[in-house]
Amino acid sequence: MSRSTRRWFLGSSAAAAAGALLPSPSVGQAKARIIVIGGGFAGATCARMLRRADARFEVTLIEPNPTFTACPFSNSVIAGLRDIAVQRFGYESIRAEGIAVAQDQATAVDPQARRVTLRGGTALDYHRLVLAPGIVIRWDALPGYDEAATMEMPHAWWAGEQTVLLRRQLEAMPDGGTVVIAAPPNPFRCPPGPYERASLIAYYLKKAKPRSKLIVLDAKDSFSKQRLFQNAWQQLYPGLLEWVSLSNGGKVTSVDVRSRTLVTDFANYKADVANVTVAAGRQHRRTCRCRRPHRLVPNRSGEFRISPEPNIHVVGDAAIVGAMPKSAFAANAQAKVCASAMAMLLRGEAPPQPKLINTCYSLVAPDYGISIAGVYHPVNGQLADVEGAGGISPVDAPPDFRALEATYAQAWFHTITTETFG
Ligand SMILES: Cc1cc2nc3c(=O)[nH]c(=O)nc-3n(C[C@H](O)[C@H](O)[C@H](O)COP(=O)(O)OP(=O)(O)OC[C@H]3O[C@@H](n4cnc5c(N)ncnc54)[C@H](O)[C@@H]3O)c2cc1C
C-alpha cells in the first residue's frame, strides 16, 4: 500500500468509517491534540498522565464501553471469592481531569491525514495518537472453537460476561465432575493467568465439590512461576489438580463443543466444564486490531513510537515489546513512560532511555500469594531483561509469608485501579 493511500482499519466495521471529516488541526505545541484509543490499564493511564504532564493538552480517550471490567482478580470471581461488581470501573474521574471520553469504537486510522474514524461516523484529527486497544482473540486458532463456542466453553480471557458464565458453570456442575482448562502456547496475555485460575478453581472444588477433578491441558512444557505453583498444588490440592504438559500430550488440537470434548494428539478429554484459553495464544499477531504488525522505532523504545509513523505510539497488550510480559502492571508502566516521553517530544526535548518494572502477583489460594518481578530496558527497539534485576518469591517460604503476599496482591490491585480509574 502506498503511503499516500495508507489507511488502517480497526475492529470489524471498517465500512462504517465514512463520515464528515474535521479540518486538519494546525500543529501547535502547547494545544496539542492527542487521541488515545482504548480505555484499559494502558490507555486510561496514558490519557491521565498526559493531562497531568501539561493541562493544555487536549486529550480524547476513545472507549466503546461505559465501564471497564478488570481481568486481574477475575480468577477470584470465577472461584466465587469475589463479586464481578468490584471488578468494574467508570470513567468519571478521568472526565473530571478534563479528558474528553468518547464512548465509541475507533474503526480506522489514517496516519497521513492524522485522523481517527469512529464507528458512529465521527472523524477526529490528532497531532499524536496512542493505540492501546488490548488484544484480539484469533477465532481461527483452534479448530472447533469460534465465537459461538464461547457460550458453551467460555474463555473468560476478557473479563465480564465470560467470567460470570464460567462461574455459573462451575456452580452448576455436580460434585464428581471434571473441569478441563486448555492453556495456550507462548506468548499470551498474563503468563501466570491460567495457572492462577487452575489454583483458585481447585480451591473452590476442594471446598464445595471435593470428588471433582481439574485437568490443565498445556501447549507448553514450562510456565511462569512453575515451581511455586506446582509445590503449592502438591501441598494444597493433591489428587485434585493434574497438569498435562506439551510433552505428555497436553496440547489441545481441536474441540467438539456439543460433546464438550477437548482433543489432543494422545487422548480425548470429556469435560463437564471446559475453559479454553487456547484461542488467545497467537493473538499478538493482530495487535492493535490493525491489519499490520507494529514494531517500535529502534533505540527509541521509551517513546513506544511505532515505525514508520512519527506520531503514533502503542502501549499495553497491543504492543510487541520483547521480554516485558503482557500485564496490567506493564501496561500501566508503559503508559506512564510513553506519556512522559510524548510530553517531552512536544516540548522539543529528547526523552531519556527508561527502565520499566513489572510485578505480577498470583493467588494459589485466598491466603497464599506468590509473585515475580522483572526490570526491562530498551535494546534494539525492544524491551530486554536487565540482567540480575527482578526476583521471585522463595520456594521454601513459610505460610505467613504466603499470606502476606496475598495481602500485597490485594493492595496492588487497589493501587493500580485507583491510579488508572480512581
Ligand atoms: C484472567 C486474567 C488475569 C489477569 N491477572 C493479571 C494480574 O494479576 N496482574 C496483571 O498485571 N495483569 C493481569 N492480567 C493481564 C491484564 O488484564 C492485561 O495485560 C491488561 O488488561 C492490559 O491492559 P491494556 O490496557 O493494554 O488492554 P485492556 O485492559 O484489554 O484494555 C483495552 C481497552 O481497549 C478498548 N478497545 C479495544 N478496541 C478498541 C477500539 N477499536 N476503539 C476503542 N477502544 C477499543 C477495550 O474495550 C478495552 O477497554 C490478567 C489477564 C487475564 C485474562
Side-chain angles (χ1 to χ4, degrees), residues 8-14 17 35-47 60-79 87 89 91 101-109 116-120 130-137 154-160 162-163 166 181 184 188-198 200 224 275 277 280 283 286-290 314-319 321 324-335 357-363 369-373 409-410 412-413 415-417 420-421:
W8 304 345
F9 294 104
L10 297 94
S12 56
S13 60
I35 293 179
V36 181
I37 296 178
F41 287 103
T45 303
C46 199
T60 302
L61 178 65
I62 302 167
E63 166 61 48
N65 301 306
T67 55
F68 177 78
T69 308
C71 282
F73 273 84
S74 64
N75 288 329
S76 294
V77 177
I78 292 165
Q87 296 293 111
F89 299 89
Y91 293 97
V101 181
Q103 197 191 320
D104 210 328
Q105 184 186 6
T107 52
V109 173
V116 175
T117 308
L118 308 185
R119 182 185 283 272
V130 180
L131 295 169
I135 54 157
V136 288
I137 291 179
H155 57 74
W157 221 240
W158 286 319
Q162 282 276 298
T163 313
L166 184 53
I181 296 178
F188 61 101
R189 147 192 258 199
C190 192
Y195 312 98
E196 180 190 67
R197 178 169 293 177
L200 293 180
S224 174
N275 171 224
T277 59
Q283 47 198 318
R286 291 183 57 202
T287 54
C288 299
R289 298 188 176 189
C290 297
V314 57
V315 283
D317 280 0
V321 289
M324 196 171 194
K326 294 184 189 305
S327 76
F329 195 112
N332 172 274
Q334 291 166 13
I357 299 174
N358 180 58
T359 303
C360 179
Y361 289 96
S362 301
L363 295 179
I370 54 177
S371 66
I372 189 164
Q410 301 273 357
W412 170 85
F413 184 79
T415 305
I416 198 162
T417 52
T420 310
F421 303 102

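We count ligands from 1, going down the list as the structure has it; atoms in each ligand are counted the same way. Quick caveat, the model's predicted, so the values are computed rather than measured. Because only heavy atoms are used, hydrogens play no part in the values below, and waters and symmetry mates are left out as well, while side chains stay in.
- Proximity of the aromatic rings of Phe68 and Phe41 is defined here by a centroid distance below 6.0 angstrom, and this criterion is met.
- Close approach of ligand 1 to Ser74 is summarised as follows: ligand atoms under 4.0 Å from at least one heavy atom of the residue are 1 (C).
- At under 3.5 Å, not a single nitrogen or oxygen of Ile135, backbone or side chain, sits near a nitrogen or oxygen of ligand 1.
- For ligand 1, the polar-atom distance check finds no N/O of Val315 at less than 3.5 Å from any of the ligand's N/O atoms.
- Within the listing of ligand 1, atoms 11 (O) sit less than 4.0 angstrom from a heavy atom of Phe329.
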Derivation and outcome, side-chain contact (heavy atoms from CB on, under 4.5 Å), residues Asn75 and Ile78:
CA-CA 5 Å; Asn75 288 329; Ile78 292 165; 3.8 Å; yes

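- Heavy-atom contacts of Gly316 reach the following atoms of ligand 1: 26 (O) (cutoff under 4.0 Å).
- Distances between N or O atoms of Pro64 and those of ligand 1 include no value under 3.5 Å.
- Inclusion of Trp412 in the set of residues having an N or O under 3.5 Å from an N or O of ligand 1 is not warranted.
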Should Gln103 and Asn65 be marked as a side-chain contact (heavy atoms from CB on, under 4.5 Å) after you check the CA-CA gap, both sets of side-chain angles, and the distance that decides it?
CA-CA 6 Å; Gln103 197 191 320; Asn65 301 306; over 6 Å; no

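- Ligand 1 has no nitrogen or oxygen under 3.5 angstrom from a nitrogen or oxygen of Phe68.
- Ligand 1 has no N or O atom lying under 3.5 Å from any N or O atom of Ile37, backbone or side chain.
- Between Arg189 and Asp317 there is a salt bridge, with a side-chain nitrogen of the basic residue lying less than 4.0 Å from a carboxylate oxygen of the acidic one.
- Set against the non-hydrogen atoms of Tyr361, the atoms of ligand 1 under 4.0 Å away are 8 (O).
- Inclusion of Glu63 in the set of residues having an N or O under 3.5 Å from an N or O of ligand 1 is warranted.
- By the 3.5 Å distance cut-off applied to N or O atoms, Asp317 is counted among the residues near ligand 1.
- Under a 4.0 Å criterion applied to the non-hydrogen atoms of Gln105, ligand 1 contributes the atoms 40 (C), 41 (N), 42 (N).
- With Phe73 as the partner, the ring pair (Phe, Tyr, Trp, His ring centres under 6.0 Å) test is satisfied by one option alone out of Tyr361, Phe413, Trp412: Phe413.
- Short contacts between ligand 1 and Asn75, defined as distances under 4.0 Å to a heavy atom of the residue, involve ligand atoms 1 (C).
- Near Asn65, with a cut-off below 4.0 Å to any heavy atom, the atoms of ligand 1 are 47 (O).
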